[in-house]
Amino acid sequence: MRASALFMPTVKEDPADAEAVSHRLMIRGGFVRQFAAGIYVILPLGWRVMRRICRIIREEMDRIGAVELSMPTLHPADVWQASGRYQAIGQEMFRLKDRGGRDMVLAMTHEEVFAWLAARELRSYRDLPQIWYQIQLKFRDEPRPKGGVLRVREFLMKDSYSFDLDEAGLEASYAKHIQAYDRIFARCGLEFLRVESDSGFMGGAQAHEYMAPSAAGEDRVAVCDSCGFAANVELARSVAHFPSVSPAAARGQAEGGTTGVGPLEVSTPEQRTIAEVASFLGVRPSDLIKTLVYVVEGTAERRYVVALLRGDHELHENKLARYVRGAVRPASAEEVLAATGVEIGFLGPVGLRERGLRLVADQALDPAGPAGSRGYVAGANKPHAHLTVVVGRDFQAEVADLREAQAGEGCPQCGRPLTIRQVIEVGNIFKLGTKYSVPLGATVLDEKGQERPLVMGSYGIGPARIAAAAVEQNHDERGIIWPKAIAPFDVQLVQLQTNDEQQTRVAAWLHDTLESSGLEVLWDDRDERPGFKFADAELIGCPVRITVGKKVREGKVEMERRRGGAREEVLVEEAVERARSLWEKAE
RNA sequence: CGGGGUGUAGCGCAGCCUGGUAGCGCGCAUCGUUCGGGACGAUGAGGUCCCGGGUUCAAAUCCCGGCACCCCGACCA
């Protein structure tokens, strides 16, 4: 491909509104342009990267026996009403009406349509298993698109759906996807992790996410280097550290004993925050209990739930939400007062049950756990006072994993220290069960002639996120260093003097010969100065660069790898073989 | 949705406080010189100053309302 014929608008200056490295470099390198918030034009270079990624995805999906098809993105609302998601999903779904006034939606995912198709076309267990996939647009009205193509409102997704007769079949389909995904991300040249993920509070099905470590990532995972445990922090349990108890906090424990008299009150005028109380009483934050009031929304359960955490720990709201099986939000100051009768700052667990509130304590506070029946300081539920309390003696609470795993805490499997890594979610796999097949009537007859709902799985990959993650993980100050499998071209052939006939002849020959050997070549034949072309080549980041310059008079060209390595002079007649071997060695 | 910020030539920005002539760099066009690390000179094209309303003799500039985009947080099938 001649660069003069390729539309590749590179820019020298950083775009003003691009923060993430991948965003900056993909704009500057002429891969994408922003059209509106979270909506992108993919330019020819970007599209070549996308096509290579999609090709790898197709090869690996086909290899596990999946079949490709294409689903509509404009859906009548009724399939979404059937699954309940028309109501359950809020503003994230684009909704519209057709000319007849019928409710329509733009597809944000395709479980419903695939289940609809399965319901109509799959009749017998003999039709199973099936794995269907597509590479299709998704529309999500994200509240805040960000990070270039990392979080957008319209994007391409490979999504596949498996249909099996039973859990064992789903297990097999799930395992096949793990195989395919491991290969896909490895072939795309990504550093990635497969981690346990939150399957939501709609059932206990298993789910994993594929995560590419990057500072631009929006998720965090807890990883154990010793035993290989890896989970999203939304899910990860961890073993807390248990610092020794401060004398002041221990006093309540000692004087009350584990079964003896109740809590002791201390005066704490105007001391509201954990830090204030700790410093006022001369104890550590880990000697305090944090009392957080949350509102449970959209369930028949009690409206408030009180979360108790050790003072140095942070609540992970999703964990609380999953435990109480409903969305939660922090109660407002007024709601806290209404529910507890106390202002924020002096809230504590003692006596709240008697007011009809549900108390959930984080595992680290469990008296049956490593902390034992130790003393803590907590609010007294009256202004300007705190109590020294013992969990289980002075109040009772349900125990659950509520806090976010922190770096250095113990791995739940082996106890060694956990590492927290920031990651980009590039794919996920999910055991759905019968969540969509039942409402959409996707059933087959089993060998006994009994009607059974299909057991489904759904599996997603974001090709643009693979591209962005690859850039985040592979770049230097000059530009992108594409992994060779997904680079827009394999070789960038830079011809320096475009009016030099000998150079043109050599470049044309190299271009044609390399192409016929199976490598894709971007021949920079533009009438630009050398510095300009070198800068563009490094910005665009193809694995191998060949420079055709004045040395062709001596029968030589230069070549080098984009990722490090020395620049070398090579005889023209040896250049094709040498370029191929450099490309083979590229990562 | 809460907080912060920005909208001026294709891109990056100054001008706004203190109202009156719309400017700089890059890019673009033409010519010349140059051209192995984002060249130099000359000439030139290119503007609803985000939109609407108000104040004023006069608004890019002041006031009111709206919209768009970015960042932090919340949210994220």
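Just so it is clear: chains get the letters A, B, ... in the order the sequence lines come, proteins before strands, and each one is counted from 1. For the numbers below, each heavy atom of this structure counts, side chains included, while hydrogens, waters and symmetry mates do not.
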Which of the following nucleotides, [options], is nearest to the side chain of [X]?
X	options	result
Asp17(A)	C70(B), G38(B), G36(B)	C70(B)
Arg529(A)	G36(B), C26(B), A39(B)	A39(B)
Leu539(A)	A74(B), G38(B), G36(B)	G38(B)
Glu538(A)	C69(B), G37(B), C35(B)	G37(B)
Glu317(A)	A74(B), G38(B), C35(B)	A74(B)
Ala16(A)	C35(B), G12(B), C70(B)	G12(B)
Glu19(A)	C71(B), C76(B), G37(B)	C71(B)

To the nearest angstrom, how far is [X] atom [atom1] from [N] atom [atom2]?
X	N	atom1	atom2	value
Phe532(A)	C35(B)	CZ	P	18 Å
Lys146(A)	A74(B)	NZ	C1'	11 Å
His316(A)	C76(B)	NE2	C1'	12 Å
Lys533(A)	A39(B)	NZ	C1'	15 Å
Asp527(A)	U30(B)	CG	P	12 Å
Glu528(A)	A39(B)	CD	P	9 Å
Glu425(A)	C75(B)	CD	P	16 Å
Glu404(A)	G73(B)	CD	P	13 Å

- Are Asp103(A) and Arg95(A) close enough for a salt bridge, meaning some N to O gap below 4.0 Å?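 Salt bridge absent between Asp103(A) and Arg95(A).
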- Does Arg194(A) come within less than 4.0 Å of Glu209(A), counting only side-chain N to carboxylate O? no
- Item | Trp482(A) ring center near Phe489(A) ring center (under 6.0 Å) | no
- Between Phe31(A) and Trp47(A), is the gap from one ring center to the other below 6.0 Å?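 Ring centres of Trp47(A) and Phe31(A) not closer than 6.0 Å.
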- Contact check, residues 69-80 of chain A vs RNA chain B, heavy-atom distance under 4.0 Å, returns none
Backbone N or O of [Y] within a donor-acceptor pair of the [X] side chain at under 3.5 Å?
X	Y	value
Lys533(A)	Gln495(A)	yes
Asp164(A)	Glu167(A)	no
Asp500(A)	Gln503(A)	yes

- Angle class for the Tyr459(A)/Tyr174(A) ring planes (parallel below 30°, perpendicular above 60°, tilted otherwise)?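 Answer is tilted, since the angle falls between 30° and 60°.
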- Message: Does the plane of the ring in Tyr210(A) sit parallel, tilted or perpendicular to the ring in Phe192(A)? Use 30° and 60° as the thresholds.
- Response: tilted
Write down the distance separating the [atom1] atoms in [N] and [M], rounded off to the nearest Å.
N	M	atom1	answer
U56(B)	C75(B)	P	49 Å
G19(B)	G15(B)	C1'	13 Å
G44(B)	G36(B)	P	31 Å
C57(B)	C51(B)	C1'	25 Å
C63(B)	U55(B)	P	15 Å
U18(B)	C13(B)	P	26 Å
G12(B)	U6(B)	C1'	13 Å
C17(B)	G52(B)	C1'	25 Å

Side-chain-base donor-acceptor pair under 3.5 Å for [X] and [N]:
X	N	answer
Arg567(A)	G37(B)	yes
Arg28(A)	G38(B)	yes
Asp536(A)	G38(B)	yes
Glu13(A)	G27(B)	no
Arg144(A)	G4(B)	no

- Is Arg24(A) touching bases, backbone alone, or none of the nucleic acid, heavy atoms closer than 4.0 Å?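 Arg24(A): no heavy atom of the nucleic acid under 4.0 Å.
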- Using a cut-off of 4.0 Å on non-hydrogen atoms, how would the nucleic acid contact of Gly147(A) be classed: base, sugar-phosphate, or nothing?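 Sugar-phosphate, no base atom in range.
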- Query: When the nearest nucleotide of RNA chain B is assigned to Thr10(A) and to Gly148(A) on a heavy-atom basis, which residue is associated with the more 5' position?
  - Reply: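 Closest to the 5' end, via its nearest nucleotide, is Thr10(A).
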- Toward the 5' end of RNA chain B, which comes first, Asp14(A) or Glu234(A), by nearest nucleotide?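 On the 5' side of the pair lies Asp14(A).
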- Consider only side-chain N and O atoms of His110(A) and Gln134(A), and report whether a donor and an acceptor are under 3.5 Å apart.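 Yes, side-chain donor-acceptor contact under 3.5 Å.
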- Message: Distance alone, cut at 3.5 Å: any donor-acceptor contact between the side chains of Ser238(A) and Arg403(A)?
- Response: yes
Any strand counts, and the cut-off is 3.5 Å on both contacts for Watson-Crick or G-U wobble. Which nucleotide pairs with [N]?
N	value
U48(B)	none
C75(B)	none
U61(B)	none
C35(B)	none
C67(B)	G7(B)
A29(B)	U43(B)
G19(B)	none

When you measure from the side-chain N and O atoms of [X] to the phosphate of [N], is any distance below 4.0 Å, counting only OP1 and OP2?
X	N	answer
Lys550(A)	G36(B)	yes
Gln497(A)	C35(B)	no
Gln34(A)	C70(B)	yes

